[in-house]
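Keep in mind that the numbers below use all heavy atoms, side chains included, and drop hydrogens, waters and symmetry copies.
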Amino acid sequence: MDPENHVVRLCVRGMDAEARGEEGEARRLFLQAWEEATDDYEACIAAHYVARHQTTPQDTLRWNQECLDRADRVGDERVRGFYASLYANMGRAHRELGEVATAHAYFMRAAERLRDVPEGEYGVWNRFAIAEGLRETAVASAVGDAPGCREGTEPVRDSPADLLSGLLAGLCARNELKALGLILPAFLGDLGTEEDRVRLRSALHMVHAARWLPAAEQAVLETAITALTEVDGASVAG
């Protein structure tokens, strides 16, 4: 984004206000950016930040939809790298409204567009956010958003995600940094691809082979490795 663009400069000032804890000033600056936008590109940028300061899930979704619609209208290279984040924001908004299957579909679209995000910390942040959304919506997405569809539906038990979430919580509590350092990046960044599954399985194998953990946790590692190896298409992301 052009740092000299008027709307971009207003949004940067808004982010600075956020960092200082001045939420009211940040909201004012983002709304000013929206009101002074002169084209769809500038409106897309402003709407993204306005969405962050809504007080209801419905309004958050409305502004995220506005942002996505404006990006679609631009339709060129300027917004190509935006879509992973835009779809993830739509996923989070629908999840807040309890529309979990719809949310999962948006997180899937976000994962498909992650390749367009430049490498670096921003790309890693997006990967982790999308993978988290996929994990949290995977089971519910299979039964739909209608409340009646989920009545009597039991959550999947002993999935790799369940096993590893419990294991990682224990490692964090004990400050097992070596094991966490190997497993966490692969776990948090798993988008459900074969490449991601291989990366996660390799990390689990390394920790298991090192014999750093108590016997019960070694057994959990063995179970998770088996699940990732034997179940076709299995992944933490579902």
K.L.:
Regarding T137 and H104, is there a side-chain donor-to-acceptor distance under 3.5 Å anywhere?
P.N.:
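A donor-acceptor contact under 3.5 Å links the two side chains.
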K.L.:
Same cluster or not: are W125 and L134 linked, directly or through other Ile, Leu, Val, Met, Phe, Trp or Tyr residues, by side-chain heavy atoms under 4.5 angstrom apart?
P.N.:
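No: no chain of side-chain contacts under 4.5 Å links W125 to L134.
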K.L.:
When you group the ILVMFWY residues by side-chain heavy-atom contacts below 4.5 Å and let the links chain together, are V50 and L10 in the same group?
P.N.:
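No, no single cluster joins them.
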K.L.:
Taking the side chain as every heavy atom from C-beta outward, state whether Q218 and L221 have any pair of such atoms under 4.5 Å apart.
P.N.:
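A side-chain contact exists here, since the closest heavy-atom pair is under 4.5 Å.
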K.L.:
When you look at CZ of R80, are more than 12 heavy atoms from neighbouring residues, nucleotides or ligands closer to it than 6.0 Å?
P.N.:
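For R80, atom CZ is not crowded (no more than 12 foreign heavy atoms under 6.0 Å).
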K.L.:
Is R92 salt-bridged to E96, cutoff N-O under 4.0 Å?
P.N.:
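Result for this pair is no, no salt bridge flagged.
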K.L.:
Nearest 0.5 Å please: distance from the CG atom of L68 over to the CG atom of L86.
P.N.:
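Here the rounded value is 6.0 Å.
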K.L.:
Regarding E36 and Q32, is there a side-chain donor-to-acceptor distance under 3.5 Å anywhere?
P.N.:
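Short answer, yes.
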K.L.:
Would you check if there is a donor-acceptor pair between the side chains of H53 and E18 at a distance under 3.5 Å?
P.N.:
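The answer is yes; a qualifying pair exists.
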K.L.:
Is the count of non-hydrogen atoms from other residues, nucleotides or ligands lying under 6.0 Å from R9 atom CZ greater than 12?
P.N.:
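Open: at most 12 neighbouring heavy atoms sit under 6.0 Å from CZ of R9.
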K.L.:
Flag yes if M206 and L188 sit in one hydrophobic cluster, no otherwise; membership is Ile, Leu, Val, Met, Phe, Trp, Tyr, and two members link when side-chain heavy atoms are under 4.5 Å apart.
P.N.:
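Result: yes, single cluster for both.
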K.L.:
Is the closest basic N to carboxylate O distance between R28 and E25 below 4.0 Å?
P.N.:
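So R28 pairs with E25 through a salt bridge.
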K.L.:
Ignoring hydrogens, what is the shortest heavy-atom contact between P185 and G181? Give both atom names and the distance.
P.N.:
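Of all heavy-atom pairs spanning P185 and G181, the closest is CD-O, 3.3 Å.
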K.L.:
Is the NZ or CZ atom of R70 both under 6.0 Å from the centre of the six-membered ring of F82 and within 45° of that ring's axis?
P.N.:
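No; the conditions do not both hold, so R70 does not lie above the ring face of F82.
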K.L.:
Give a yes-or-no answer on whether the side chains of R113 and Y83 include a donor-acceptor pair shorter than 3.5 Å.
P.N.:
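Side chains of R113 and Y83: no pair found under 3.5 Å.
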K.L.:
Applying the 4.5 Å side-chain criterion to the ILVMFWY set and letting contacts propagate, would L114 and Y122 be lumped into a single cluster?
P.N.:
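Yes: a chain of side-chain contacts under 4.5 Å links L114 to Y122.
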K.L.:
Are V7 and L29 linked, directly or through intermediate hydrophobic residues, by side-chain heavy-atom contacts shorter than 4.5 Å (ILVMFWY only)?
P.N.:
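No; V7 is not reachable from L29 via cluster members.
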K.L.:
Do the side chains of D196 and R201 get close enough for a salt bridge, i.e. N-O under 4.0 angstrom?
P.N.:
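Not counted as a salt bridge, because no side-chain N and carboxylate O are separated by less than 4.0 Å.
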K.L.:
Specify whether Y106 and H94 have parallel, tilted or perpendicular ring planes, treating 30° as the upper limit for parallel and 60° as the lower limit for perpendicular.
P.N.:
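Aromatic pair Y106/H94 classed parallel.
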